[in-house]
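Working notes, structure below.
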Amino acid sequence: MKYFVKQMILGTTKILPIESAYFCKLQQSRNALVAAKAIEEKYDLLISNYLEFEKEILVQVAEQVIFSKNSYDDSYAIKTVMNRRIVNLLTSTKLYYDQMERKIRDCDFNDDSLAKETLSYFSREYDDHFHYRFMENLRNYVQHCGLAVHSLSLSSRLEGEDDTMQMRNGMGIFATVEELGQDPKFSKRPVFKECPEKINLVKAIRKYIERLSFVHSDIRDLIEKNLLESRSNIEEIISKYKSINNNDALGIYAYGVASDDPQGDVEIKIPLLLDWDNVRINLITKNKTLINNSKCYITGSCL
């Protein structure tokens with residue numbers, strides 16, 4: 001097999017011969033960047049579902065203030081929509097975790113050590129944080145047994161004095177030990193013994209996402225060196241091709257043919273573009289680590 005780089009476009013194009021080892025390096029580099037982009041996309045999906053969960057809380061509280069929704073049907077409707085938000089969120093966290101090991105392997109140029117270390121990050125959070133443990137087990141409960149929200153409260157109280165007095169409105173959603181205990185599998189798990197009678201799901205979810213955010217930050221640090229190298233490898237071949245083709249590298253591919261003829265039938269090819277990798281970089285910029293997320297909340301008060 002012989003390897004070359006050229007533009008896959010109509011018309012005559014310049015052809016750059018490359019060695020087999022160099023082609024393999026380019027292939028490995030692209031695979032790493034593709035996997036890293038997929039990791040960022042899964043995390044973005046997770047964070048987007050979390051944002052929708054937080055938005056839903058504000059929407060429901062605002063509607064309660066404006067429309068005074070106090071009937072059983074109103075409460076049922078709120079529980080339904082909050083369960084939907086939580087199911088969406090937990091599905092995205094499961095998707096994130098399940099695909100992580102395989103994607104990290106594509107970013108590992110030597111062995112499976114990076115994948116093993118990545119899994120240890122999840123184990124660390126599980127061991128160290130009750131709310132992380134609880135949410136992981138709740139996800140399994142939701143998948144196989146029941147819904148997450150077992151009770152809710154829409155509360156209000158006066159704050160301040162005289163002209164500064166305001167009515168504070170909020171919502172609590174809870175899972176209960178009584179309901180979770182109906183599942184014999186959940187009731188036998190160690191985390192069940194740690195649970196209070198009512199588990200504040202808003203607090204638990206905020207803490208859970210905070211810890212997943214720290215895991216993701218560690219994963220970024222773990223694979224950053226390999227990704228910088230991968231991007232540099234592709235930038236290098238783009239630069240080399242531009243130097244022989246009047247600074248034009250639009251639509252270039254590295255490819256292999258069975259014969260010595262660069263115009264022969266293409267057996268394998270890989271695109272040498274980086275515009276799509278810029279999406280990964282933009283997602284990193286967009287989705288910062290959520291430091292102290294569990295200690296923050298949004299208010300509609302006049303500050």
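Sorted by first and then second residue, the side chain to side chain donor-acceptor pair (under 3.5 Å) pairs involving residues 227-249 (not counting sequence neighbours) are Q7-N245, Q7-D248, Y22-E236, S29-N233, R231-E235, R231-D277, R231-N278.
For the 3.5 Å distance criterion, the side chains of Y208 and E136 qualify, holding a donor opposite an acceptor. For Q60 and Q64, the side-chain atoms include no donor-acceptor pair closer than 3.5 Å. Side-chain contact annotation: Y121 with E125, donor-acceptor N/O pair under 3.5 Å absent.
Under the 4.5 Å side-chain heavy-atom criterion for grouping Ile, Leu, Val, Met, Phe, Trp and Tyr, I86 is connected to I57 within one hydrophobic cluster. Under the 4.5 Å side-chain heavy-atom criterion for ILVMFWY residues, a single connected hydrophobic cluster contains both M82 and V142. Taken together through direct or relayed side-chain contacts under 4.5 Å among Ile, Leu, Val, Met, Phe, Trp and Tyr, V87 and I209 form part of one hydrophobic cluster. One hydrophobic cluster holds both V202 and V149 under the rule that ILVMFWY side chains link at heavy-atom gaps under 4.5 Å. Y126 and F122 fall within a single hydrophobic cluster, where Ile, Leu, Val, Met, Phe, Trp and Tyr are joined by side-chain heavy atoms under 4.5 Å apart, directly or via other members.
At least one side-chain heavy atom of S151 sits under 4.5 Å from a side-chain heavy atom of K198. With contacts defined as side-chain heavy-atom distances shorter than 4.5 Å, the pair V5/F23 does not qualify. Annotation: side chain of I18 is not in contact with side chain of F4 (no heavy-atom distance under 4.5 Å). The side-chain heavy atoms of I104 and I223, taken from C-beta on, include a pair separated by under 4.5 Å. Proximity of H216 to I39: side-chain heavy atoms (C-beta onward) are separated by under 4.5 Å at one or more points. Within the 4.5 Å cutoff, no side-chain heavy atoms of V81 are placed close to those of V59. F174 places none of its side-chain heavy atoms less than 4.5 Å from the side chain of E179. Looking only at side-chain heavy atoms (C-beta outward), I199 and L138 stay at 4.5 Å or farther from each other.
The two residues V61 and G170 make their nearest non-hydrogen contact at CG2-C, 3.9 Å. Across every non-hydrogen atom of G256 and M1, the tightest pair is C-SD, 3.6 Å. When all heavy atoms of A32 and L227 are compared, the closest pair comes out as O-CD2, 3.7 Å. Contact between D108 and A115 at its shortest, heavy atoms only, is OD2-N, 4.4 Å. Nearest approach of F134 to A175, heavy atoms of both residues: CZ-CB, 4.1 Å. Listed here is the closest heavy atom pair of I219 and T118: CD1-CG2, 3.7 Å.
For the atom pair CG (L180) and OH (Y141), the distance works out to 5.5 Å, reported to the nearest 0.5 Å. Here the CG-CE distance, from L119 to M100, works out to 9.5 Å after rounding to the nearest 0.5 Å. Here CG of N88 is found 11.0 Å from OG1 of T93. Values are rounded to the nearest 0.5 Å. Annotation: the span from S155 atom OG to R168 atom CZ amounts to 8.0 Å, rounded to 0.5 Å. In this structure, the separation between NZ on K25 and CD on E19 is 11.5 Å, given to the nearest 0.5 Å. To the nearest 0.5 Å, atom OG of residue S187 and atom NZ of residue K193 are 10.0 Å apart.
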Report task. Could you walk me through whether L114 and F109 pass the side chain to side chain contact (heavy atoms under 4.5 Å, CB included) test, one step at a time? Result -> CA-CA 9 Å; L114 297 189; F109 297 161; over 6 Å; no
Report task. Could you walk me through whether I78 and M171 pass side chain to side chain contact (heavy atoms under 4.5 Å, CB included), step by step? Result -> CA-CA 10 Å; I78 294 171; M171 182 175 71; 3.7 Å; yes
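Salt bridge annotation for E210-K207: present, with a cationic side-chain nitrogen under 4.0 angstrom from a carboxylate oxygen. Ion pairing between a basic and an acidic side chain is recognised when a charged N comes within 4.0 Å of a carboxylate O; D218 and R124 show such pairing. Taking 4.0 Å as the cut-off between side-chain N and carboxylate O, R220 and E224 do not count as a salt-bridged pair. Between E101 and R105 there is a salt bridge, since a side-chain N of the basic residue sits under 4.0 Å from a carboxylate O of the acidic one.
No more than 12 heavy atoms of other residues, nucleotides or ligands sit less than 6.0 Å from atom OH of Y76. A 6.0 Å sphere centred on CD of E178 holds no more than 12 heavy atoms belonging to other residues, nucleotides or ligands. Summarising the local packing, NZ of K69 is surrounded by more than 12 heavy atoms from other residues, nucleotides or ligands at distances under 6.0 Å.
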Extract all donor-acceptor atom pairs below 3.5 Å that involve side chains of residues 265-276 and protein atoms in other chains or at least two apart in sequence.
residue	atom	partner	partner atom	Å
W276	NE1	L273	O	2.9

Acceptor/donor pairs from residues 44-52 side chains to any protein atom, 3.5 angstrom cut, sequence neighbours excluded:
residue	atom	partner	partner atom	Å
D44	OD1	K286	NZ	2.8
D44	OD1	N287	ND2	3.1
S48	OG	D44	O	2.8
N49	ND2	L45	O	3.3
Y50	OH	E54	OE2	2.6
Y50	OH	N293	OD1	3.4
Y50	OH	N293	ND2	3.1
E52	OE1	R85	NH1	3.2

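For the pair R133 and F130, the NZ or CZ position fails the cation-pi test of under 6.0 Å to the six-membered ring centre and within 45 degrees of the ring normal.
Between F192 and F186, the angle of the ring planes goes over 60°, which puts this pair in the perpendicular group of the 30/60° scheme.
In this structure, the side chain of N292 does not engage the main chain of K295 through any donor-acceptor pair within 3.5 Å.
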